[in-house]
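Beneath this line is the structure, given in structure tokens, with notes to follow.
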Amino acid sequence: MPKNETNQMQKIVAWSKRRGFVFPGSEIYGGLANSWDFGPLGAQLKRNIRDLWWQYFVVGRDDILGLDGGILMNPRVWEASGHLAGFNDALIDCKACKSRFRADHLIEEQLNEKVEGKSLAELEKIVQNKALKCPSCKADKLTAPRQFNLMFKTFIGTVEDATSTVYLRPETAQSMFVNFKNILDSTRVSLPFGLAQQGKAFRNEITPGNFIFRVLEFEQMEIEYFIQPADWEKYFKMWEEAMSSWLDLLGIQRSNWSVREHQAQELSHYSKRTIDFEYNFPFGTKELYGLAYRTDFDLRNHEQFSGQNLHYQNPVSGESFIPHVIEPTFGVERSVLAVICDAFEVVTGGRGEASRQEEEVVLRFDRKIAPVKVAIFPLIKKEPLIKAGREVLAGLRNQFKFMANFVIAYDEAGSIGRRYRRQDEIGTPYCVTIDFETLDDQAVTVRDRDTMNQERVKIAELGEWLEEKYG
Ligand code: GAP
């Protein structure tokens, strides 16, 4: 797939809307900047990714336990975690056109210089010395950079004052630290072990954008892996490998992602070492996931702020200490965007019919995450083919009723070529056609999305054939 083309991104955004993957949020009211809604196929794709992750990292391992914490937490959590004081971006306003920008983005885009971690004074000096201008109106009326906290605030109850202020969580991680003692008290875990959580997080991003890449409301899938302090390098490596395997599982091509080490000045306030898994998006190589060594920063601070003992006692030696933490973190929207970008292919000149001149879109999703697993078509919209098609559909629905997310589509409208193209466009791996021969030989034609090979399969064996493909 050609990369780094804005054109490609425009095609992806248009396709997402046309085929019901992602819609602009609140569209009939003119939208809400940088908010997106997931349509039927997008919601299914997202669910498939979340479920695969839960299966792979939680159900399939015996050292990780699941958790489902609340979005609203006691505001003291955010004092202890450092988010109230330190989860800030420096922003700059344009006094002429009132546009607002992240200072680091503005400088990086105009000077091609990395400035993450620089102080407000240092940023201001760069803006002044280089006489930077507003990217929107080109006026040289930029304000000095100032800190802006990224947490969304809301209020509990009827009074909107400081005592009723709560925050929408900016990361899911904190519930796992705050529940550490409950986990030790209610389960029989011993180190090393992890807690895993999926759920919404919110950030009042100043310059969101690039479709669903940076949004205000998104989902995270995070693991806090508790370890003996001396073992951190071993487990950092273990998680780097596990995250790489996850990318393979999603079907993302190796050549399209890479790992980048954070420089000291870019490390988050809690991290001693961080690497980013970066994906080669059409708009540039950007962070997809992160892996951080959070030391004992969070548990130690929560112990201090809450006054509760968050030490772990080694069951053999009796030694008591605060565990250290390795944190693999995954964004759901970024996963969706990466698998779409990776799978999106525009074919010119026609795939099925050589005479076709139009562009055709094929989504080469890995079968595990494809939103629709198989589509059933009677060759023409006439009896007895419709009856036979509906029987095949009912048989498969029954056979796969306990296989989560096994979505089966049925389509009898339009030419068979058009129906194949419609399924290719949403990435359905297999299409099953019921034709006149089916009535005699009780077999159907199964067409493979990628190879376009067609295979004759007995109806009685179709379920087993699909089971084999989907494992
Ligand atoms: N608990 C650590 C943490 O939150 P982060 O790097 O700030 O670390 C983790 O965020 C992941 O969440 C990112 O790697 C990315 O996949 C996703 N993410 C962060 N901010 C996002 C945003 N504004 N929109 C969409 N996804 C975002």
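Every number for a ligand or one of its atoms is a count from 1 in the order of the listing.
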Tell me whether [X] is salt-bridged to [Y], with the criterion being a basic N under 4.0 Å from an acidic carboxylate O.
X      : Y      : answer
Glu287 : Arg260 : no
Lys237 : Glu240 : no
Glu233 : Arg273 : no
Glu171 : Arg294 : yes

*asked:* To check your reading of the model: name the closest protein heavy atom to atom 24 (N) of ligand 1, its residue, and the distance in Å.
replied: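 In this structure, atom 24 (N) of ligand 1 has Val215 N, 3.0 Å as its nearest protein heavy atom.
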*Starting from atom 19 (C) of ligand 1, which protein heavy atom do you reach first, and at what distance in Å?*
Arg203 NH1, 3.5 Å
*Quick one: which ligand 1 atoms are inside 4.0 Å of a heavy atom on Gly331?*
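With Gly331 as reference, the close atoms of ligand 1 come out as 16 (O), 17 (C).
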For [atom], which candidate among [options] holds the nearest heavy atom?
atom                    : options                        : value
atom 16 (O) of ligand 1 : Leu288, Ile212, Asn34          : Leu288
atom 25 (C) of ligand 1 : Tyr289, Phe213, Phe330         : Phe213
atom 10 (O) of ligand 1 : Gln220, Glu171, Glu217         : Gln220
atom 14 (O) of ligand 1 : Glu327, Glu333, Glu278, Glu287 : Glu287

Check if [X] has a non-hydrogen atom at a distance under 4.0 Å from any atom of ligand 1.
X      : answer
Phe277 : no
Tyr270 : yes
Gln174 : no

_Centroid separation Phe87 to His269 less than 6.0 Å_ = no
*What residue pairs, at least two apart or across chains, pass salt bridge (Lys or Arg N to Asp or Glu O under 4.0 Å) with a residue in residues 135-154?*
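Non-adjacent pairs meeting salt bridge (Lys or Arg N to Asp or Glu O under 4.0 Å): Asp93-Arg146.
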*Is there a donor-acceptor contact under 3.5 Å linking the side chains of Ser335 and Tyr289?*
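There is such a pair (donor and acceptor under 3.5 Å, judged by atom type) between the side chains of Ser335 and Tyr289.
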